[in-house]
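This is a predicted model, so every value here is computed, not measured. Protein chains get the first letters and strands the later ones, always in sequence-line order, with residue 1 at the start of each. Below, all heavy atoms of this structure are taken into account, side chains as well, without hydrogens, waters or symmetry copies.
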2 protein chains.
Amino acid sequence: MQKQENLSKNQKIILDLIEKSSGPLKAYSILFNVKKQGIKAPLQVYRALDKLIEIGKIHKIESRNAFVACKNSNCQVSKATAFSICENCEDVTEVSNLKLSKYLSNFADKSGMKYNKYNLEFFGLCKNCKK
Amino acid sequence: MQKQENLSKNQKIILDLIEKSSGPLKAYSILFNVKKQGIKAPLQVYRALDKLIEIGKIHKIESRNAFVACKNSNCQVSKATAFSICENCEDVTEVSNLKLSKYLSNFADKSGMKYNKYNLEFFGLCKNCKK
DNA sequence: TTAATTATGTTATATTATTACACAGCGTTA
DNA sequence: TAACGCTGTGTAATAATATAACATAATTAA
Ligand SMILES: [Zn+2]
Ligand SMILES: [Zn+2]
Ligand SMILES: [Zn+2]
Ligand SMILES: [Zn+2]
């Protein structure tokens, strides 16, 4: 967990919830869990999520439409992300591998396209589930 | 385009549409476009999409909730996919790079997780849009 | 202190995807 | 034949995810 001084009230509430969660959270489950703190509408959640993603505090797991806290302290923006996802228990871990991130950040092919961002999702069975 | 002999009527209609499209198609746009061919309900579209993904004829672009035909003839199942996505014109290209796919298919880290599938999405500006 | 920017609150609505149920076609096999 | 499993279809209803539009407040910058 890092400093949250620049975050607004709703952003703090939602980041706090996501950071304390043991797994990915979905937007409407977040909404349900912060209703007692005065956040009443989906849009309030999505706005906070957008901001938190923008500053790299959380990431969206695209294949699950769910959100996790960034576990990579030097991941200031969500522009180079990799996750491993257990297809059985749906546990998600942020992959933090310097070789991998260098390889992907520098990846270029003959398409002439300049990449400035990537997101990678690995799927499989986690240690517990593959038994 | 490949043989479609084992596909059902709805699957053929929908694969044909996606293969002829110049870019990714969204499920409800597919539905709109196949109404004249008798496909009337979202579920008919999603069922065909699921099957086509399963057999590797199409892929889902997770960050866009859209579907593209597989452009990689040896991509029999959707278990190792990579795409480049232009954030301006939303054009999508399937990245087909042997070194990349080998690197990712063999990727292992200390988590003890065994990966059997991955999906990678690169973002940036395409040749046309970066001018 | 005006203006610009960022965040909030609220209602309504759009978009994406699934559940549930009934039934048809086809190959296997008892 | 009939019973069965399997795959696909058709239809209605609904769930889940996300955004538009508008009004207002709080914060920051000039
Ligand atoms: Zn991160
Ligand atoms: Zn697991
Ligand atoms: Zn492919
Ligand atoms: Zn472009």
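Neither OP1 nor OP2 of dA16(D) sits under 4.0 Å from any side-chain N or O of Asn65(A). Asn6(A) has no side-chain polar atom (N or O) that falls below the 4.0 Å cut-off from OP1 or OP2 of dT27(D).
With sequence neighbours left out, the side chain to side chain contact (heavy atoms under 4.5 Å, CB included) criterion links Lys99(B) to Tyr103(A), Asn97(B).
dA25(D) atom P lies 14 Å from atom NZ of Lys9(A), rounded to whole Å. In this structure, the CD atom of Glu62(A) is 20 Å from the P atom of dA16(D), given to the nearest Å. For the pair Lys12(B) NZ and dT9(D) C1', the interatomic distance rounds to 15 Å; values are reported in whole Å.
Between the CD1 atom in Ile18(B) and the NZ atom in Lys20(B) there is a gap of 12.5 Å [rounded to 0.5 Å]. With rounding to the nearest 0.5 Å, the separation of NZ in Lys71(A) from CD1 in Ile58(A) is 12.0 Å. Between Ile14(B) atom CD1 and Asn10(B) atom CG the span is 6.0 Å, to the nearest 0.5 Å. Considering CG of Asp16(A) and OG of Ser21(A), their distance stands at 11.5 Å, rounded to 0.5 Å. Here the CG atom belonging to Leu52(B) is positioned 9.0 Å from the CD atom belonging to Glu19(B), to the nearest 0.5 angstrom.
For the residue pair Leu7(B) and Lys12(B), the shortest heavy atom distance occurs at O-CE, 3.2 Å.
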Under the ring-ring contact (aromatic ring centres under 6.0 Å, His included) criterion, do Phe83(B) and His59(B) qualify, and how do the steps go?
CA-CA 10 Å; Phe83(B) 305 94; His59(B) 304 299; 5.6 Å; yes
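Interface limits on DNA chain C: the 5'-most and 3'-most nucleotides within less than 4.0 Å of chain B heavy atoms are dT16(C) to dA20(C).
Rounded to 10 degrees, the angle separating the terminal helix axes of the helix from dT1(C)-dA30(D) to dA30(C)-dT1(D), each built from five base pairs, is 30°.
Val95(B) and Phe107(B) end up in the same hydrophobic cluster when Ile, Leu, Val, Met, Phe, Trp and Tyr side chains are linked at under 4.5 Å.
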Output a table of donor-acceptor pairs, distance under 3.5 Å, between side-chain atoms of residues 25-47 of chain B and any protein atom two or more places apart or on a different chain; print 'none' if there are none.
residue  : atom : partner  : partner atom : Å
Lys26(B) : NZ   : Arg64(B) : O            : 3.2
Asn33(B) : ND2  : Ser29(B) : O            : 2.7
Gln44(B) : OE1  : Lys40(B) : N            : 2.8
Gln44(B) : OE1  : Ala41(B) : N            : 2.8

Can I get a per-line list of side-chain donor-acceptor pairs under 3.5 Å for residues 114-130 of chain B, giving both atom names and the distance, sequence neighbours left out?
residue   : atom : partner   : partner atom : Å
Tyr115(B) : OH   : Asp109(B) : OD1          : 3.4
Tyr115(B) : OH   : Asp109(B) : OD2          : 3.2
Asn119(B) : OD1  : Thr81(B)  : OG1          : 2.7
Asn119(B) : ND2  : Glu121(B) : OE2          : 3.3
Glu121(B) : OE1  : Ser63(B)  : N            : 3.4
Glu121(B) : OE1  : Ser63(B)  : OG           : 2.7
Glu121(B) : OE2  : Glu62(B)  : N            : 2.9
Lys130(B) : NZ   : Gly112(A) : O            : 2.5

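Residues from residues 28-51 of chain B with heavy atoms under 4.0 angstrom of DNA chain D, sorted by number: Lys40(B), Ala41(B), Leu43(B), Gln44(B), Arg47(B), Lys51(B).
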